[in-house]
Amino acid sequence: MRQILVAGNWKMNLLGAAGSSLATALAAKYPISAVEILVCPPAPYLVSVHARTSGSAVRVGGQNLYFAPQGAFTGEVCGDMLKDVGCSSVLIGHSERRQFFGETDDLLAKKVVAGLQHGLQVVLCVGELLSERQSDQTEAVLKRQLSGLAQVSAEQMANVVIAYEPVWAIGTGVTASTEQAQQAHAFLRSELKTLYGEQVSAATRILYGGSVKADNALELLSQSDVDGALVGGASLKADSFISIIEAGIQAMSLRA
Ligand code: PEP
């Protein structure tokens, strides 16, 4: 049975004190947990958030990395550094990275490899634009974006999570319907089957992201191919993020 993963992407939000108190609240609430919990703070706060969550069920991840192992890449952070400050995971290919920073599938494929080589769990984000959905391109776009896995072996897939995030649902308050989410997730799983076979496809977690909130989380997480949530806005406050984690725990118990 796939364990539900609830991940919070803080993006470029929360200064040190606010992030620390959020991390402290989450760690206090979840010394242990039936679902995996991940928070991805801005890079300057990885150390302090890790210090506040260590020993709890809350893991810490980076929002991005650069694929080179070290060197003259001003402003960038490599996988080794994320590991060194206590990260277990990294988000790769968030739509904001693709949209605002020009990240291409080829670049992302290199980042995926780098993350895995450094022992990080890689959360590869995929998702179509509204115009692509409206012109019936959703599946073609998702298939193309899965090329981020081009250099990933079946064995390495144990450390890969896919996050389906329709761009039109991110930060907009518009959530994909449960049918739209399930349909896209089922498509992604069938593509994973083509790429890696039944076993890997059945074992890989596919998260949904896009305006997940306390009041829609349980319905989304109850879909058979939705194995967790990648949460932006609602992960910035302890009460809303905890409600989503609790929905994950409930969905997990319904799966058992
Ligand atoms: C995200 O940033 O990955 C996201 C899904 O944001 P939001 O939950 O705010 O839509």
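Bear in mind that the values here come from a model prediction, so they are computed numbers and not experimental data. Whatever order the structure lists them in is the order used to number ligands and atoms, beginning at 1.
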Using every non-hydrogen atom in the two residues, find where L38 and V60 come nearest and quote the distance to one decimal.
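Shortest heavy-atom contact: CD1-C, 3.6 Å.
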
Using a strict cut-off of 4.0 Å, indicate which atoms of ligand 1 neighbour a heavy atom of [X].
X    : value
S211 : 7 (P), 8 (O), 10 (O)
L230 : 3 (O), 5 (C)
G209 : 5 (C)
A169 : 10 (O)
G210 : 5 (C), 10 (O)
N9   : 2 (O), 3 (O)
G233 : 7 (P), 8 (O), 9 (O)

Counting both backbone and side chain atoms, is some N or O of [X] under 3.5 Å from an N or O of ligand 1?
X    : answer
G232 : yes
G171 : yes
T172 : no
H94  : yes

So, applying side-chain hydrogen bond (donor to acceptor under 3.5 Å, both in side chains) with D227, which one of H185, R255, R205, Q3 is it?
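The single option meeting the side-chain hydrogen bond (donor to acceptor under 3.5 Å, both in side chains) with D227 is R255.
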
M12 atom CE: more than 12 heavy-atom contacts under 6.0 Å:
no

Exceeds 12 heavy-atom contacts within 6.0 angstrom, atom NZ of K83
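It does: K83 NZ has more than 12 such atoms within range.
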
Check against side chain to side chain donor-acceptor pair (under 3.5 Å), Y196 and E155
CA-CA 9 Å; Y196 294 105; E155 258 169 34; over 6 Å; no

Are V113 and F67 connected, step by step, through hydrophobic side chains (Ile, Leu, Val, Met, Phe, Trp, Tyr) whose heavy atoms are closer than 4.5 Å?
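Result: no, two separate clusters.
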
Decide whether L107 and L91 are clustered together by the hydrophobic rule: side chain heavy atoms of Ile, Leu, Val, Met, Phe, Trp, Tyr closer than 4.5 Å, transitively.
no

Assess K213 for proximity to ligand 1: is some non-hydrogen atom of it under 4.0 Å away?
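Per 4.0 Å heavy-atom rule, K213 does not contact ligand 1.
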
Considering only heavy atoms, does S235 approach ligand 1 within less than 4.0 Å through its side chain, its backbone, both, or neither?
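Answer for S235: neither.
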
Would you call H118 and L82 a side-chain contact if the rule is heavy atoms closer than 4.5 Å?
no

Not counting sequence neighbours, which residues clear salt bridge (charged side-chain N to carboxylate O under 4.0 Å, His left out) with K193? List them please.
E198

Can you report which non-hydrogen protein atom sits closest to atom 3 (O) of ligand 1, along with the distance?
E165 OE2, 2.6 Å

